[in-house]
**Q** 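Sending over a structure as structure tokens; questions will come in a sec.
Because only heavy atoms are used, hydrogens play no part in the values below, and waters and symmetry mates are left out as well, while side chains stay in. Keep in mind the model is a prediction, meaning the values are calculated, not measured.
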Amino acid sequence: TPVWVDHVRLLTNRFTGALAIEIAKQAWVEGAAIQLILGQASLPAPSYLPHQRVVDFSSYREKVLSGLDDGAVSTAIFSAAVADYQPAQMYPGKLPSGQQLTLSFEQTPKVIREVRAAHPQLKMVTFKYEENRTHEELLAIARQRSKEYQLVVANRGEEFAEYGEQVAWLVEENKPEEQVLCFTENVVADYYGEPIHGRKAILELLIPALQRWIASSHSITNVQIEVLDAISAHSVSYVHAWHRISETGQDDYEVRGQYH
């Protein structure tokens, strides 16, 4: 989202929109109705993806806010590297070259905060990128932000995996009362061969566990459904969960189980 210095020159950043395109492609494959917003200089998007291009920060802001007004959007993913500052005054015309130039900047409006204020029920995924921060500092920033948004994707320029992939962390606020709503009231969870009956029992298990874990990841299979009669059915899915309880990772452990 560039900002204008004069009618010819603008300031932008090095990001290309590639991440937004990949997220939109996966959402489209999963059957979501999407609308992708890209900067004018972003990479080309596949023709099958509904998308719009914006020329600068102001048009991006207007497109986002107006696009949510009808209430049709249930989830918004904010991966754009939005400008945090803009020149306090745009020069009318083209600034003369060949002379020293000093610019004064002001903060731009925080679009995600405007969206949250206008749409408190909207599910929002926001991104936080940092450099020259420690891992602990990054996660502290992300945890603070997660108090306002359903999910925060946090990464820093210095953190890479073994084969060069940049590491990102998915951070959400610890809300077990909301997390268990993905289960039916009469769910049966079987982690160790000892069935746990009911949503309330799973909640009682989760509350102390979430206090111990500093990171967790769950992979769920597709749900198999067997229709029993006109008003009832039986379902089963399988889970593979990973948990971390210390920064060293020495005490990481995995759990496998099933839900009925």
Side-chain angles (χ1 to χ4, degrees), residues 1 15 19-20 22-24 26-27 30 32 34 37 60-61 64-65 67-68 73-84 107-161 165-183 199 202-220 239-249 251-253 255:
T1 55
F15 296 104
L19 178 60
E22 291 303 314
I23 293 172
Q26 187 61 39
E30 297 291 337
I34 67 164
I37 300 175
Y60 165 79
R61 180 186 179 214
V64 169
L65 296 177
L68 296 171
V73 176
S74 62
T75 303
I77 302 175
F78 295 88
S79 64
V82 180
D84 293 307
Q107 287 186 319
T108 57
K110 201 69 173 177
V111 176
I112 58 172
R113 290 178 184 162
E114 293 182 307
V115 170
R116 171 51 75 224
H119 305 279
Q121 302 306 315
L122 179 69
K123 296 181 178 67
M124 295 178 63
V125 180
T126 67
F127 284 64
K128 186 61 178 174
Y129 175 80
E130 293 285 342
E131 292 190 1
N132 299 319
R133 298 271 195 179
T134 66
H135 171 73
E136 291 73 20
E137 289 172 336
L138 173 71
L139 290 190
I141 294 170
R143 289 186 182 115
Q144 183 64 32
R145 177 178 280 196
S146 71
K147 296 178 180 180
E148 300 179 71
Y149 310 104
Q150 279 76 11
L151 185 64
V152 178
V153 183
N155 66 310
R156 59 193 185 98
E158 299 84 2
E159 194 166 4
F160 291 88
E165 308 95 332
Q166 189 155 29
V167 175
W169 298 84
L170 306 182
V171 181
E172 63 178 350
E173 194 172 16
N174 184 1
K175 295 181 179 179
E177 296 83 1
E178 294 183 8
Q179 293 164 354
V180 296
L181 295 179
C182 67
F183 299 111
R199 182 193 290 166
I202 293 179
L203 175 61
E204 293 171 350
L205 177 71
L206 270 181
I207 290 175
L210 289 172
Q211 298 300 322
R212 296 199 325 271
W213 301 335
I214 63 171
S216 179
S217 174
H218 294 70
S219 299
I220 307 291
V239 60
H240 173 207
W242 163 86
H243 306 298
R244 171 163 291 178
I245 58 177
S246 70
E247 293 289 355
T248 65
D251 299 315
D252 290 6
Y253 67 97
V255 173

**Q** So, for Gly67 and Val73, which heavy atoms are closest and what is the spacing to 0.1 Å?
**A** O-CG2, 4.1 Å
**Q** Any side-chain heavy atom of His135 sitting closer than 4.5 Å to one from Val167?
**A** no
**Q** Taking all non-hydrogen atoms of both residues into account, name the closest pair between Ala168 and Asn155 and its distance.
**A** CA-CB, 3.9 Å
**Q** I'd like to check Glu158 versus Glu131 (side-chain heavy atoms, cut-off strictly below 4.5 Å). Are they in contact?
**A** yes
**Q** For Lys123, which of Leu151, Thr75, Ile77 qualifies under side chain to side chain contact (heavy atoms under 4.5 Å, CB included)?
**A** Thr75
**Q** Could you check whether any side-chain heavy atom of Glu148 comes within less than 4.5 Å of a side-chain heavy atom of Thr126, counting everything from C-beta outward?
**A** no
**Q** Minimum heavy-atom separation for Glu130 to Lys128, with atom names?
**A** OE2-CE, 2.8 Å
**Q** Specify the closest pair of heavy atoms between Ala81 and Thr1, including all atoms of both residues, with the distance to one decimal.
**A** O-OG1, 3.7 Å
**Q** Just say parallel, tilted or perpendicular for the rings of Phe15 and Tyr129, cut-offs at 30° and 60°.
**A** perpendicular
**Q** Given side chains that start at C-beta, do those of Asn174 and Gln211 come closer than 4.5 Å, heavy atoms only?
**A** yes
**Q** Quick one: closest heavy-atom pair of Val171 and Ala142, and the distance?
**A** CG2-CB, 3.8 Å
**Q** How long is the gap from CZ on Arg156 to CG on Leu139, to the nearest 0.5 Å?
**A** 9.0 Å
**Q** Less than 4.5 Å apart, side chain to side chain, heavy atoms only: is that true for Gln107 and Asp84?
**A** no
**Q** Could you check whether Gln26 and Glu30, counting side-chain N and O atoms only, form a donor-acceptor pair closer than 3.5 Å?
**A** yes
